[in-house]
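Structure, as structure tokens:
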Amino acid sequence: MATIVEQIADIQAEIDKTQKNKATEHHLGKLKAKIAKLKAEQEKRQAHAKSSGPAKGFEVKKSGDATVSLVGFPSVGKSTLIQQVTDAQSETGGYAFTTLTCIPGVMEHRGARIQILDLPGLIKGAADGKGRGKEILGVVRTCDMVLYIIDPFHDTHLPILHRELELAGMRLNQPPPQVFITRLQKGGVEIRSTVEQTHLTVEQMRDIIRSFGYTSALVTLRVNATADMLVDTMAGSRVYSKAVVIINKIDLATPEDIAAIRATLPEGWPVLPISAATGEGIEEMKDFIYDNLGFMSIYLKPQGQEADLIEPLIVKDTSTVQDVCATLHRDFVRKFRFARVTGPSAKFDWQRVGLHHNLMDGDLLSIIMRR
Ligand SMILES: Nc1nc2c(ncn2[C@@H]2O[C@H](COP(=O)(O)OP(=O)(O)OP(=O)(O)O)[C@@H](O)[C@H]2O)c(=O)[nH]1
Ligand SMILES: [Mg+2]
């Protein structure tokens, strides 16, 4: 009997050689469902085998307002880059696998403390454990954002890296699918849909759901669901986060080289060319990271005191007054009366607002509480 790893590899090989089109989607979906089930089984066994947490050299103590991981092939310049923007001492070298463990550094920018993790180079087969791939991907999964680093001379790198992350259950630059599945005791698999379904028939969907061992379930679809979406929702261990791309070593490239590599990147992904060696683009990169993490700075003016214009509060850029109150102290929500705002989100200075007001970067906020 083949081991789980062999079984997964066999099924993956079959997926790879199957053409992707409407006629094969259901078949591929079932194969992917099988892999998802086998992986769940494998993770369960591994969790039993070693209960001691991350491998040595890969235990990361999270710090700061967000964490970003550097993901790239060996020798693309990850360690050179982290040295440019943080205080981390990560060895660099002109040979592959200079970095062997996870090395954290902190970049302070626009009032935010952003933790950056230097990692060993990632190679093809990483998701199966090649080159400490499992340890690396385990760290990448826990981060707020993936910073892919490529150079202008290898247009195959990004697709390979991206595939390894996908195999490790990461879904980047895409929202979780609007698919909701609740297991039921009886009644079979019922599918309710708010939009037209063109990818799969109801019977094919039932088939995929049943292959996870669910005989009865309520499935609610708010999207035109693909087999991947069903499998991802059933598998449950997917991580949805953001990814950006840095093109390094532009000091060695012509503008044409850079344009050519750019043209191969997925549409709509944030991209920035830099040179970690000469420092070109490094200042822009700090803004680039900060902006893509989606932060904003909120200045606080305690009631009856001067505003603190030196140290803003760094919060997610989707935050409302209530979110800010909640980060400060639970009393701020419980005893909240109203707030006053001056700045980009205010119609006029010291506009009176409630808990659901959406704040904007650079706002000055004063919270008025009940006594
Ligand atoms: N010309 C040029 N060389 C660079 C640049 N960035 C890094 N290098 C060189 O590329 C080599 C590899 O750099 P590292 O920073 O060690 O690469 P790494 O991605 O950390 O490599 P691993 O730790 O092995 O995965 C070193 O010789 C660096 O000096 C760059 O922007 N331009
Ligand atoms: Mg390195």
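Computed over heavy atoms, backbone and side chain alike; hydrogens, waters and symmetry mates excluded. Order of appearance sets the numbers: ligands from 1, and atoms from 1 within every ligand.
Side-chain contact between Val231 and Arg238 is present, with heavy atoms from C-beta onward closer than 4.5 Å. Within the 4.5 Å cutoff, the side chain of Leu300 has no heavy atoms near those of the Asp308 side chain. The shortest distance between side-chain heavy atoms of Leu230 and Leu221 falls below 4.5 Å. Proximity of Leu122 to Val140: side-chain heavy atoms (C-beta onward) are nowhere separated by under 4.5 Å. Under the 4.5 Å side-chain criterion, counting only non-hydrogen atoms from C-beta, Asn248 is not in contact with Leu81.
Side chains of Ser90 and Asp118: a donor on one and an acceptor on the other come within 3.5 Å. At a cut-off of 3.5 Å, with distance as the only test, no side-chain donor of His26 or Glu203 sits close to an acceptor on the other residue. For the residue pair Ser345/Asp363, the side-chain donor-acceptor check at 3.5 Å is satisfied. Side-chain polar atoms of Ser79 and Thr99 form a donor-acceptor pair below 3.5 angstrom.
For ligand 1, none of its N or O atoms has an N or O atom of Ile250 under 3.5 Å away. Polar contact with ligand 1: present for Ala276 (N/O pair, distance under 3.5 Å). When only interatomic distances are considered, the shortest N/O to N/O separation between Pro120 and ligand 1 does not fall below 3.5 Å. Inclusion of Phe97 in the set of residues having an N or O under 3.5 Å from an N or O of ligand 1 is warranted. Considering both main-chain and side-chain atoms, Pro74 never comes within under 3.5 Å of ligand 1 through any nitrogen or oxygen pair. Note: an N/O pair closer than 3.5 Å links Ser275 and ligand 1 by distance alone. Considering backbone and side-chain atoms alike, Gly77 places an N or O below 3.5 Å from some N or O of ligand 1. At least one N/O-N/O distance between Asn248 and ligand 1 falls below 3.5 Å. Here's the thing with Ala277: one of its N/O atoms is less than 3.5 angstrom from an N/O atom of ligand 1.
Annotation: atom 10 (O) of ligand 1 to nearest protein heavy atom, Lys249 NZ, 3.4 Å. The protein heavy atom nearest to atom 21 (O) of ligand 1 is Ser75 N, 2.9 Å. Closest to atom 18 (P) of ligand 1 among all protein heavy atoms lies Lys78 N, 3.5 Å. The nearest protein atom to atom 15 (O) of ligand 1, hydrogens excluded, is given as Thr80 OG1, 2.5 Å; this is a heavy-atom distance.
The contact set between ligand 1 and Leu252, taken as ligand atoms under 4.0 Å from a residue heavy atom, comprises 1 (N). Distances below 4.0 Å separate heavy atoms of Tyr95 from the following atoms of ligand 1: 24 (O). Within ligand 1, the atoms closer than 4.0 Å to a non-hydrogen atom of Gly94 are 27 (O), numbered from 1 in the order shown. Interface of Ala96 with ligand 1, defined as ligand atoms under 4.0 Å from a residue heavy atom, comprises 24 (O). The ligand atoms of ligand 1 that sit less than 4.0 angstrom from a heavy atom of Gly121 are 25 (O). Those atoms of ligand 1 that come under 4.0 Å of a heavy atom in Gly93, given as number and element, are 11 (C), 12 (C), 13 (O), 16 (O), 26 (C), 27 (O).
Here Ser90 has no heavy atoms under 4.0 Å from ligand 1, in either its backbone or its side chain. In Thr98, the parts holding a heavy atom less than 4.0 Å from any atom of ligand 1 are both the side chain and the backbone. Under 4.0 angstrom from ligand 1, the non-hydrogen atoms of Thr92 come from both its backbone and its side chain. With a 4.0 Å cut-off on non-hydrogen atoms, Thr99 touches ligand 1 through its backbone as well as its side chain.
The closest approach between a heavy atom of Gly72 and any atom of ligand 1 is not below 4.0 Å.
Screening Val271, Ile247, Asp151 against Ile261 for a side-chain contact (heavy atoms from CB on, under 4.5 Å) leaves a single residue, Ile247.
One finds no salt bridge joining Lys32 and Asp232 here, because no Lys/Arg side-chain nitrogen approaches an Asp/Glu carboxylate oxygen to under 4.0 Å.
Among the backbone and side-chain atoms of Ser79, an N, O or S atom lies under 2.8 Å from the Mg ion (ligand 2). For Thr99, the nearest N, O or S atom to the Mg ion (ligand 2) falls under 2.8 Å.
No more than 12 heavy-atom neighbours from other residues, nucleotides or ligands sit within 6.0 angstrom of NZ on Lys124. Applying the 6.0 Å contact sphere to CD of Gln303 captures more than 12 heavy atoms from other residues, nucleotides or ligands.
Ring geometry for His329 against Phe332 counts as perpendicular: the plane angle is over 60°, on a 0 to 90° scale with 30° as the lower cut. Using a 30° and 60° split on the angle between ring planes, Trp269 and His162 fall in the perpendicular class, above 60°.
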